[in-house]
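One structure below.
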Amino acid sequence: MDKTYSPRDIEERIYHRWEDEGLFAPAGDGPPFCIVIPPPNVTGTLHMGHAFQDTIMDALTRYHRMAGDRTLWQPGTDHAGIATQMVVERQLNAEGRTLHELGREAFNERVWRWKEESGGTIARQMRRLGASVDWSRDRFTMDPGLSRAVQHAFIRLYEDGLIYRGKRLVNWDPVLKTAVSDLEVQSEEENGWLWHIRYPFANGKGHVTIATTRPETMLGDVAVAFHPDDERYRGLDGTMLALPLTGREIPLIADAFADPAFGTGCVKLTPAHDFNDYEVGQRRGLPLLNILTADAKINDEAPAAYRGLDRFEARKRIVADLEAAGLLEKVEPHRLTIPRGDRSGAVVEPWLTDQWYVRVEKLAAPAIRAVEDGRIRFVPENWDRTYFEWMRNIKDWCISRQLWWGHRIPAWYGPDGAIYVGESEDAVRGTHQLAASLPLTQDEDVLDTWFSSGLWPISTLGWPERTQELSTFYPTSVLVTGFDIIFFWVARMVMLGMHFTGEVPFRQVYIHGLIRDHEGQKMSKSKGNVLDPLDIVDGIELEALVAKRTTGLMQPQLAPAIARSTRKQFPDGIPAHGTDALRFTFASLATLSRDLRFDLGRVDGYKNFCNKLWNAARFVLMSTESPLPAGPEAPAAHDRWIRSRLAATIAAVREAFAQYRFDLAAQAVYEFTWYEFCDWYLEFSKPVLQSDESDPAARRAARRTLLETLEALLRLLHPIMPFITEEIWGRVAPRAGVTGASIMRQPFPEAPADAADPVIESEMRWVMDFILGVRRIRGELDIAPSVPLTVRLQAASTQDLERYARHEAVIRRMAGIAGATALGAGEAPPQAAAALLGDLRILVPMAGLIDVDAELARLGKRRGKVEQELARASAKLGNASFVQNAPAEVVMQERERLEVFKRELAQLAEQHERVASLR
RNA sequence: GGGUGCUUAGCUCAGCUGGUAGAGCGUCGCCCUUACAAGGCGAAUGUCGCAGGUUCGAUCCCUGCAGCACCCACCA
């Protein structure tokens, strides 16, 4: 093995081998286990959130694969309608061309080309991260098979009466010029104004005053409402008003919709441009007057003076005209929520159009029940409340989009406006027996991306065909995703999956937190704090990092600040850490918290961990030969001890995986590896291995234990750190007598039932405490390691002496002592510093090497601590109700503690006196 | 307006069904001891947000408050 661990040399090579050998495909006949990947945008790149999510899914996948399950991690990408279309459109614009010049067909060809070009990026990145997806089953939402699934789903829902076409108000994005669903609208509080405007009575005698945040919509007003109980307007129901600037007359009506407490109590009604007003209008039979074009300019329904003006321009003009007419009563500042399109950032308009909708109520009911009765379980559990909250108030889902990139809606219109839904024009003509001469035109629109995403678990497995994969892997086992798409995606998969198959799409939904930067900020291009996971893996020079963060900004003026903060945070760029270190970091970050702060310092730490493991393996390989020599074996206590500790660690890791506590799994395996295996066990084994005088049977046992423990440890670590474990395992396994092409297909470790050994653990605890006691004296009294110590044992029991004898070689080496001898009965103890180990006192004679003051200080410090503990324990035991009510076990334990403290205190006092007398 | 989280060592976070507060990073000493200086050995550091309550006992359970996030919602 190379002396240093260098991830770059091993990772790519190993991944290719796995892939070439087909190790990612489901195998065996164990119970099925399946995860479908949340499909990233095909033209996108992986960010930290993806890398985190992929790490979790891969860890689960590898864990289950090793546990013997027939495991499929289903990969794929999403066509991401709006996002992708916007990117390509921007490319076009940069070339000085527009979408419409190109035409629909040519544009789509162009998007496909772009998809082919950039579509491999994600896959390349996933390979670097070690993702063990079954690439042979890679899918794209616009693949022919998946497109067929989408079409089939649409047709069936239509036939089931769950899809309809309707003219109503939708959220209209005037920049993208498409309808969007409620979920794609982001409402933010912003500062605005409240305009108070007078609407004169038609008879010229007086006026009412309305308050509005959107004066330009007055051009579409069809009524003004006041509350029926509002005394101020008693008897005015039905009075006609002269709508300013328009020459139109509209009625004043009494309607409970108006809130007497707001503004003047009068509200203008614009049913074509406001969701509330629309509802009132429907109820009251008011007309709809649309005054806006698709790009939110004033249309020809409005007075000539305003036609063609942008809505915000029109607002200014109208306010000015009202003021000039003396109708503007006042303007006051007002906080209001502004709805913006989540992609374009444009203010969304409620706009009257024909769109396709999914009638969700019937779909939602079984989807709610599935979570209520536990067929689907959220982890952490409380996300079900979020799910319920939304599902119980769900509204019909607008699924048509006025885009070109996506699944075209399979509907055709006759000249009379009749709607025919089917697989193709021919099919439609056939089913409905339409004359060949009857002209049919297909709907121009495409479906919401989330419609096809909602089918993902079934469509990737082959639905609507009844494939082998579908029957094997559906329902899938667990969905791993972020809480931000519970509504967009999770809920829709449940509804659609259940409707089409009668079964839930997944049994568990593991909701992970959001990766933020080290300051807790969301990572975003415009904040300039994004990290490319592969830059952490491979490292990146400072200048390259700065360039990466500052190019392609939507707001180029942010570049200098971003460059500055980047240089400050990473003065030397980012060093290479390797994939395993990054993955281990993600695993240890995967707590139940919803915000996860990513700190590069942790990756550094886990890279060191990789190095530690690497070197431990080197030691094991250097200390053993292949194959293990035959012969009788005599395991030492520490051999049995490490097996006992390994068993406990295995149990902890398995439990952690079962609970999706990757952080606890990582922690358990980290602590075992570093603190138990490396810090203690390897050192324990050295005297046996490196001495020519040791018992050959003990040596054989040590070598076996070394190899077997490491081999199991590698398997235990593999789901989280696949590369380094594979690399080391390839060398270690043969010596441990394990055969196999790859660690990937080895069984996940199981704790042998008889491995746990409390007796041995307590004996080794004694050994370790002995060593620690001497080391502490050395450290605190500043005795150089080169100074050999000979210690005396005072008040040693038979057991102490036996233990010392059994472990003398280890203790001498690790505590750095030349030897230890028991104090004879009646022999006066030497002047010495002492470490306490139960009743046993380990005396380090002070002759000439101990600083009296330092030792006194040391004793005093310890005494303070013990006194504190003692006081606490005795207070507890002095409390009658504690003794009475606490479980006997607890009380007994407390009594023991008290005794121990008392004894220790006495010993400390005695020691203190003796040392002080040296002065 | 409704809902959900969070507050523990300088920083980032664990702490399972209430029973002696932990880790990593950082800090401070001493060591290049032949697996590893990406290391070893040792050390320091906490009124567990605040105030009540339940309990023999509360970081943990309950109530209230404060601060910080986030989600949902049509108030002109």
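Per chain, numbering begins at 1; letters A, B, ... match sequence-line order. It should be emphasised that the depicted structure is a prediction, and the values quoted were computed from it without experimental measurement.
Residue A:Thr386 places none of its side-chain N or O atoms closer than 4.0 Å to OP1 or OP2 of B:rU4. Note on A:Arg775: a side-chain N or O is less than 4.0 Å away from OP1 or OP2 of B:rG42. Regarding contacts with the backbone of B:rA38, every side-chain N or O of A:Asn611 stays at 4.0 angstrom or more from both OP1 and OP2. One finds a side-chain N or O of A:Lys865 lying less than 4.0 angstrom from the OP1 or OP2 phosphate oxygen of B:rA44. Considering only side-chain N and O atoms, A:Arg594 lies nowhere under 4.0 angstrom from the phosphate OP1 or OP2 of B:rC6. The side chain of A:Asn885 places no N or O atom within less than 4.0 Å of a non-bridging phosphate oxygen (OP1 or OP2) of B:rG57. At B:rA38, none of the side-chain N or O atoms of A:Lys612 fall inside 4.0 Å of OP1 or OP2 (strictly under the cut-off). Considering only side-chain N and O atoms, A:Arg602 lies nowhere under 4.0 angstrom from the phosphate OP1 or OP2 of B:rU12. Considering only side-chain N and O atoms, A:Lys395 lies under 4.0 angstrom from the phosphate OP1 or OP2 of B:rC74.
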message = Under the criterion side-chain hydrogen bond (donor to acceptor under 3.5 Å, both in side chains), I'd like the reasoning laid out for A:Asp221 against A:Tyr199: C-alpha separation, chi angles, the key distance, then a yes or no.
response = CA-CA 11 Å; A:Asp221 283 0; A:Tyr199 282 14; 2.5 Å; yes

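Among the atoms of the strands shown, only primed sugar atoms or phosphate atoms (P, OP1, OP2) are found under 4.0 Å from some heavy atom of A:Arg661. Residue-level contact check: A:Trp674 touches the backbone only, with heavy atoms under 4.0 Å from sugar-phosphate atoms and none from bases. Across all strands, A:Lys522 comes closer than 4.0 Å to no nucleic acid atom at all (heavy-atom distances). Note on A:Glu519: nothing from the nucleic acid sits closer than 4.0 angstrom, heavy atoms only. Heavy atoms of A:Cys678 sit under 4.0 angstrom from at least one base atom. Within 4.0 Å (heavy atoms only), A:Phe609 reaches no atom of the nucleic acid at all. Across all strands shown, A:Gly773 has no heavy atoms under 4.0 Å from either base or sugar-phosphate atoms. Using a 4.0 Å heavy-atom criterion, one finds that A:Glu869 contacts the bases of the nucleic acid, with or without backbone contacts as well. Among the atoms of the strands shown, only primed sugar atoms or phosphate atoms (P, OP1, OP2) are found under 4.0 Å from some heavy atom of A:Asp679. When heavy atoms are screened at a 4.0 angstrom cut-off, A:Ser588 is found touching no nucleic acid atom at all. Looking at heavy-atom distances under 4.0 Å, A:Leu664 makes contact with sugar-phosphate atoms alone, never a base. Counting any heavy atom pair closer than 4.0 Å across all strands shown, A:Pro887 reaches a base atom. Across all strands shown, A:Asp595 has heavy atoms under 4.0 Å from sugar-phosphate atoms exclusively, and none from any base. At the heavy-atom level, A:Asn879 lies under 4.0 Å from the strands shown only through sugar-phosphate atoms.
Taking atom P in both B:rU27 and B:rU47, one finds a spacing of 22 Å when rounded to whole Å. Nucleotides B:rA23 and B:rA43 place their P atoms 11 Å apart, quoted to the nearest Å. The separation of B:rU8 from B:rG49, taken at their P atoms, amounts to 6 Å, rounded to a whole angstrom. Only the C1' atoms considered, B:rC25 is 39 Å distant from B:rG53, to the nearest whole Å. Spacing of P atoms, B:rA58 relative to B:rA51, comes out at 14 Å, to the nearest Å. B:rG24 and B:rG15 have their C1' atoms separated by 15 Å, given to the nearest Å. Between the C1' atoms of B:rA73 and B:rU54, the separation comes to 37 Å (whole Å). When the C1' atom is used for both B:rA9 and B:rG5, the distance is 24 Å, rounded to whole Å.
Atoms CZ (A:Arg214) and P (B:rC75) sit 14 Å apart, rounded to a whole Å. The distance from atom NZ of A:Lys3 to atom C1' of B:rC36 is 8 Å, rounded to the nearest whole Å. Put simply, CD on A:Glu904 is 18 Å from P on B:rU20, counting in whole angstrom units. Distance CG (A:Asp384) to P (B:rG5): 10 Å, rounded to an integer number of Å. Summarising the geometry, the separation between CG on A:Asp599 and P on B:rC11 is reported as 13 Å, rounded to the nearest angstrom. The nearest whole Å value for the distance from the CZ atom in A:Phe487 to the C1' atom in B:rG3 is 10 Å. At whole-Å resolution of the value, CD in A:Glu671 and P in B:rG15 are 13 Å apart.
Under the Watson-Crick and G-U wobble criteria, each requiring two contacts below 3.5 Å, nucleotide B:rC70 is paired to B:rG3. Using the Watson-Crick or G-U wobble rule with both distances under 3.5 Å, B:rG49 pairs with B:rC65. Across all strands shown, the partner of B:rA43 is B:rU27, judged by Watson-Crick or G-U wobble contacts whose two distances both fall under 3.5 Å. The partner of B:rU33, taking Watson-Crick or G-U wobble pairs whose two distances both stay under 3.5 Å, does not exist in any strand shown. Base pairing of B:rU55: no nucleotide in any strand meets the Watson-Crick or G-U wobble criterion (both distances under 3.5 Å). With a cut-off of 3.5 Å on both pairing distances, the Watson-Crick or G-U wobble partner of B:rC13 is B:rG22.
In summary, of the residues considered (A:Phe657, A:Phe483, A:Phe662), a ring-ring contact (aromatic ring centres under 6.0 Å, His included) with A:Tyr510 occurs for A:Phe662 alone.
Here the nucleotide nearest the side chain of A:Glu389, chosen from B:rC36, B:rG3, B:rG39, is B:rG3. Candidate nucleotides B:rU20, B:rA35, B:rG19 were compared by shortest atom distance to the side chain of A:Arg897, and B:rU20 ranks first. Of the candidates B:rU4, B:rA38, B:rC70, B:rC70 carries the atom nearest the A:Arg516 side chain, counting heavy atoms from C-beta on. For A:Arg872, taking side-chain heavy atoms from C-beta onward, the closest of the listed nucleotides B:rG24, B:rU20, B:rA14 is B:rU20. Of the candidates B:rC56, B:rG3, B:rA35, B:rC56 carries the atom nearest the A:Phe882 side chain, counting heavy atoms from C-beta on.
Both A:Phe483 and A:Lys876 lie close to RNA chain B; mapped to their nearest nucleotides by heavy-atom distance, the more 5′-ward contact belongs to A:Lys876. Between A:Asn382 and A:Leu596, the residue anchored nearer the 5' end of RNA chain B, judged by the nucleotide with its closest heavy atom, is A:Asn382.
Residues A:Thr624 and A:Arg703 bring no donor and acceptor atom of their side chains to less than 3.5 Å of each other. When only modelled atom types and interatomic distance are considered, A:Glu189 and A:Thr337 share no side-chain donor-acceptor pair under 3.5 Å. Using modelled atom types and a 3.5 Å distance limit, the side chains of A:Thr270 and A:Lys268 yield a donor-acceptor pair. Judged purely by distance below 3.5 Å, without hydrogens or angles, the side chains of A:His227 and A:Asp259 never pair a donor atom with an acceptor atom. Between the side chains of A:Ser881 and A:Asn879, at least one donor N or O sits under 3.5 Å from an acceptor N or O.
Using modelled atom types, one side-chain atom of A:Glu184 and one backbone atom of A:Ser181 make a donor-acceptor pair closer than 3.5 Å.
If you look at A:Phe378 and A:Trp383, their ring centroids are not closer than 6.0 Å.
Side-chain to base pairing of A:Arg597 with B:rU12: no donor and acceptor N or O lie closer than 3.5 Å to each other.
A salt bridge does not link A:Lys902 to A:Glu904: none of the charged side-chain nitrogens sits closer than 4.0 Å to a carboxylate oxygen.
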